[in-house]
Enquirer: 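Below is the structure I would like to discuss, written out as structure tokens.
Not measured: the values here are computed from a predicted model. Note that ligands are numbered from 1 as they come in the structure, with each ligand's atoms numbered from 1 the same way. The chain is numbered in sequence order, starting from 1.
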Amino acid sequence: MDAMTFVLFGATGDLAKRKIFPALYNLFVDQKLPSSFELVGLGRRQFQESEFQAQVEKSLHSFSRRPVTDPDSVAQFLSMIRYVELNVGEPADYVKLNDRISQREQQLGLPQNRVFYMSVGPELFGPIVSNLKASGLSEVTGWKRLVVEKPFGHDLVTARELNASLSRVFDEHETYRIDHYLGKPMVQNLEVLEYSNPILQALWRNRYVANVQITAAETVGVESRAGYYDHSGALRDMFQNHMLQMLMMLAMQLPKHSTADDVGFKKRKVMESLRALNPEDIAANVVRGQYAAGIMGGQEVVGYKDEPGVAPNSTTDTYIAARLWIDDYFWSEVPFYIRTGKRMKSKTTRIVIEFKDPSDKFTRTNETTTPNLLIIDIGPEAGMTFQINMKNPLTGKLEAVPIHFGSDESNVPEAYEKLIGDMMAGDSTFFAHWDEVELAWQWVEPILQAFEANEVPIHSYPAGSNGPLAAKQLLEADGYHWWLDEELESEQAEAAAPTSPELAVTQA
Ligand SMILES: NC(=O)C1=CN([C@@H]2O[C@H](COP(=O)(O)OP(=O)(O)OC[C@H]3O[C@@H](n4cnc5c(N)ncnc54)[C@H](OP(=O)(O)O)[C@@H]3O)[C@@H](O)[C@H]2O)C=CC1
Ligand SMILES: O=C1O[C@H](COP(=O)(O)O)[C@@H](O)[C@H](O)[C@H]1O
């Protein structure tokens with residue numbers, strides 16, 4: 001891998017501590033950092049270099065996915081980390097930084113390859129990038145890359161403005177917009193599942209699929225982020241980015257050996273085929289919810305409006321469910337149901353593909369069949385279950401039987417590790433490209449407007465539940481239901497237990 005200088009804006013912040021430093025450390029241990037690598041951490045706080053390194057070490061012990069047990073590795077890793085005080089709004093600080101980085105590159109005869117990672121509030125992305133240009137930091141003889149955290153804009157207009165300001169300095173191929181869901185192993189697996197399994201490839205279309213459900217349910221509430229979340233809500237925070245990215249990854253049809261450009265092209269095609277919602281259709285296709293007080297893990301928890309920092313009359317959505325249609329050759333007439341919410345019953349990110357019932361011709365005894373399901377568990381545990389119908393040899397009755405694969409998470413690289421590694425290697429496959437981001441904002445824009453104009457009711461749901469009743473009714477109107485965790489679990493438990501254990505293939 002090329003030698004590089006990794007300039008980290010926001011090095012003293014929460015994301016750096018919880019995700020970025022542990023990810024870099026694990027990449028280092030796996031020998032996936034270049035042999036010549038320097039990280040320059042930036043922040044306004046005053047630190048001696050050794051103090052900052054000690055703080056980084058602490059973050060490794062607290063947040064690394066692997067136990068940090070080898071003091072030599074830690075020492076080597078920390079020796080590559082520097083700290084420089086920099087105020088984002090102070091042009092002179094950038095000039096000093098440029099001198100410092102250029103001097104080292106010259107002294108060591110290194111190429112001018114520079115990563116600029118924006119782990120700061122989004123209001124600072126634009127000013128930083130202008131200062132990078134003005135100071136000469138972004139004028140390099142090697143390559144330069146910009147890594148941008150979410151949120152990428154607050155709506156379509158602000159996203160376009162932000163993109164315009166970044167693209168004055170960085171080309172699209174130099175811009176890596178992080179969507180950490182794209183770094184999750186099972187999301188990355190979607191394209192492989194489809195093109196490497198003829199059986200799935202054959203079924204991956206409207207002829208066989210009845211509906212697709214994508215759920216990202218969280219048990220946490222707004223936590224300490226009310227300042228951000230109360231101006232964002234589930235639609236902006238999760239739906240416009242993570243949920244639509246999962247939809248694109250699932251629905252795109254890729255040829256084998258695709259490049260990052262092919263992936264970007266196919267994802268754009270999905271977004272272009274997504275049927276736009278007319279204002280008058282929004283209330284019938286979108287459910288907005290907000291959590292009320294309830295019980296989580298046996299403990300009473302407050303409702304959203306009573307969370308610290310939330311406006312007492314807030315109308316912010318903490319839950320959204322929607323029915324979407326992709327009007328292309330493969331997916332026309334297949335409803336996609338997408339939902340995400342906070343303070344739900346369980347933490348689950350899951351895709352369920354429900355296949356069409358072939359008819360009842362096999363059930364001579366009037367037994368009912370359960371639809372075949374392909375369940376892709378994205379997190380917290382990654383796995384896959386294929387649910388088929390079989391006759392129980394003991395009872396002679398037809399039963400739904402799960403064929404399950406689960407992966408051992410402890411050795412799987414964390415999303416940030418995967419994404420930072422890809423970015424350093426110059427691979428933008430699993431990043432959000434501008435076309436997709438813009439089309440996603442375009443699609444959600446009428447919903448944002450309808451929410452603002454209060455044209456969509458806000459359904460209250462108790463914390464610890466599966467969300468508002470209206471979301472259940474959204475599917476019932478089409479003759480379907482959400483494949484909820486407890487239903488699935490009880491069906492699986494029933495089907496798996498005494499009947500055909502050899503089919504319950506669980507790989508540790
Ligand atoms: N935390 C998380 O889990 C996630 C965060 N994100 C995104 O990542 C970004 C960073 O979030 P997070 O780490 O939580 O934020 P924090 O508030 O914890 O950290 C902000 C960082 O920005 C620095 N900073 C703020 N103002 C200035 C300034 N004027 N000059 C120089 N540095 C400045 C702070 O340094 P100092 O105080 O030393 O000046 C600090 O290092 C945001 O865009 C957020 O939306 C995305 C997904 C998850
Ligand atoms: O980006 C975000 O994601 C988290 C959920 O991520 P996960 O990996 O735990 O599923 C969410 O809590 C947060 O509000 C949002 O900003």
Enquirer: If you take the nearest heavy atom of each of Gly13, Ala11, Ser232, Pro151, which one is closest to atom 19 (O) of ligand 1?
Expert: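 Nearest option to atom 19 (O) of ligand 1, by heavy atoms: Gly13.
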Enquirer: Please report the closest heavy-atom contact between Pro468 and Gly289, naming both atoms and the distance.
Expert: CG-CA, 4.2 Å
Enquirer: Nearest protein heavy-atom contact for atom 31 (C) of ligand 1: which residue, which atom, what distance?
Expert: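 Of every protein heavy atom, Leu86 O, 3.2 Å lies nearest to atom 31 (C) of ligand 1.
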Enquirer: Quick one: nearest non-hydrogen protein atom to atom 39 (O) of ligand 1, plus distance?
Expert: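 For atom 39 (O) of ligand 1, the nearest protein heavy atom comes out as Arg44 NE, 2.6 Å.
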Enquirer: Would the number of heavy atoms belonging to other residues, nucleotides or ligands and lying under 6.0 Å from CD of Gln46 be above 12?
Expert: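 Atom CD in Gln46 is not crowded, with 12 or fewer foreign heavy atoms closer than 6.0 Å.
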Enquirer: Between the candidates Val88, Asp93, Leu15, which shows the shortest non-hydrogen contact distance to atom 11 (O) of ligand 1?
Expert: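 Looking at heavy atoms only, Leu15 sits closest to atom 11 (O) of ligand 1.
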Enquirer: Between Asp377 and Lys347, does the salt bridge (charged side-chain N to carboxylate O under 4.0 Å, His left out) criterion hold? Intermediate values first, please.
Expert: CA-CA 11 Å; Asp377 280 311; Lys347 167 81 182 159; over 6 Å; no
Enquirer: Which heavy atom of the protein is the closest neighbour of atom 3 (O) of ligand 1, given with residue, atom name and distance?
Expert: Arg18 NH2, 2.5 Å
Enquirer: Looking only at side chains, do Asn87 and Arg44 share a donor and an acceptor under 3.5 Å apart?
Expert: no
Enquirer: Between Glu414 and Lys418, is a salt bridge (charged side-chain N to carboxylate O under 4.0 Å, His left out) present by the stated rule, with each step listed?
Expert: CA-CA 6 Å; Glu414 209 267 335; Lys418 181 79 182 77; over 6 Å; no
Enquirer: What protein heavy atom sits nearest atom 40 (C) of ligand 1, and how far away is it?
Expert: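 Here the nearest protein heavy atom works out to Thr12 OG1, 3.5 Å.
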Enquirer: Among all protein heavy atoms, pick the one closest to atom 6 (N) of ligand 1 and tell me residue, atom and distance.
Expert: Glu149 OE1, 4.0 Å
Enquirer: Can you tell me which residue and heavy atom of the protein come closest to atom 29 (N) of ligand 1, and the distance to 0.1 Å?
Expert: Asn87 OD1, 3.2 Å
Enquirer: I'd like the name of whichever of Glu414, His242, Lys347 reaches closest to atom 7 (P) of ligand 2 through any heavy atom.
Expert: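 Selected option, by shortest heavy-atom distance: Lys347.
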Enquirer: Could you tell me if any non-hydrogen atom of Leu42 lies under 4.0 Å from any atom of ligand 1?
Expert: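 Leu42 does not count as a contact of ligand 1 under the 4.0 Å cut-off.
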Enquirer: Establish, from distance only, whether the side-chain atoms of Lys267 and Gln245 form a donor-acceptor pair under 3.5 Å.
Expert: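 On atom types as modelled, these side chains qualify, holding a pair under 3.5 Å.
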Enquirer: Write out the residue and atom name of the closest protein heavy atom to atom 15 (O) of ligand 1, then the distance separating them to 0.1 Å.
Expert: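 Looking only at protein heavy atoms, the one closest to atom 15 (O) of ligand 1 is Asp14 N, 4.5 Å.
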Enquirer: Are Tyr291 and Tyr319 near enough that their ring centres are under 6.0 Å apart?
Expert: no
Enquirer: Distance alone, cut at 3.5 Å: any donor-acceptor contact between the side chains of Glu161 and Asn163?
Expert: no
Enquirer: Which atoms of ligand 1 are found less than 4.0 Å from any heavy atom of Ser119?
Expert: 9 (C), 10 (C), 21 (C)
Enquirer: Which protein heavy atom lies closest to atom 45 (O) of ligand 1, and at what distance to 0.1 Å?
Expert: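 Scanning the protein heavy atoms, the shortest distance from atom 45 (O) of ligand 1 goes to Lys150 O, 2.8 Å.
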Enquirer: Would you mind running through ligand 2 and noting each atom that sits below 4.0 Å from a heavy atom of Lys342?
Expert: 11 (C), 12 (O), 13 (C), 14 (O)
Enquirer: Using heavy-atom distances, let me know which of Val148, Asp237, Val120 sits nearest atom 22 (O) of ligand 1.
Expert: Val120
Enquirer: Compute the minimum heavy-atom distance from Pro122 to ligand 1 and say whether it is under 4.0 Å.
Expert: yes
Enquirer: Which atoms from ligand 2 have a heavy atom of Met238 less than 4.0 Å away?
Expert: 2 (C), 3 (O), 11 (C), 15 (C)
Enquirer: Tell me whether atom 17 (O) of ligand 1 lies less than 4.0 Å from at least one protein heavy-atom position.
Expert: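 When distances to the protein are checked, atom 17 (O) of ligand 1 has no heavy atom within 4.0 Å.
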Enquirer: Taking 4.0 Å as the limit for heavy-atom contacts, which would you say applies to Tyr229 with ligand 2: side chain only, backbone only, both, or neither?
Expert: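 Under 4.0 Å from ligand 2, Tyr229 contributes no heavy atoms.
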Enquirer: Look at ligand 1 and say whether His180 reaches it with a heavy atom at a distance under 4.0 Å.
Expert: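 Per 4.0 Å heavy-atom rule, His180 does not contact ligand 1.
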Enquirer: Between Lys184 and ligand 2, does any nitrogen or oxygen pair lie at a separation below 3.5 Å?
Expert: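 So ligand 2 has an N or O lying under 3.5 Å from an N or O of Lys184.
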Enquirer: Judged by modelled atom types alone, do Thr12 and Tyr83 share a side-chain donor-acceptor pair under 3.5 Å?
Expert: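 No.
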Enquirer: Take Arg236 and Asp155 through the salt bridge (charged side-chain N to carboxylate O under 4.0 Å, His left out) test and state the conclusion after the steps.
Expert: CA-CA 8 Å; Arg236 290 186 171 95; Asp155 51 22; 5.0 Å; no
Enquirer: Would you say Asp237 has any N or O atom under 3.5 Å from an N or O of ligand 2, going by distance alone?
Expert: yes
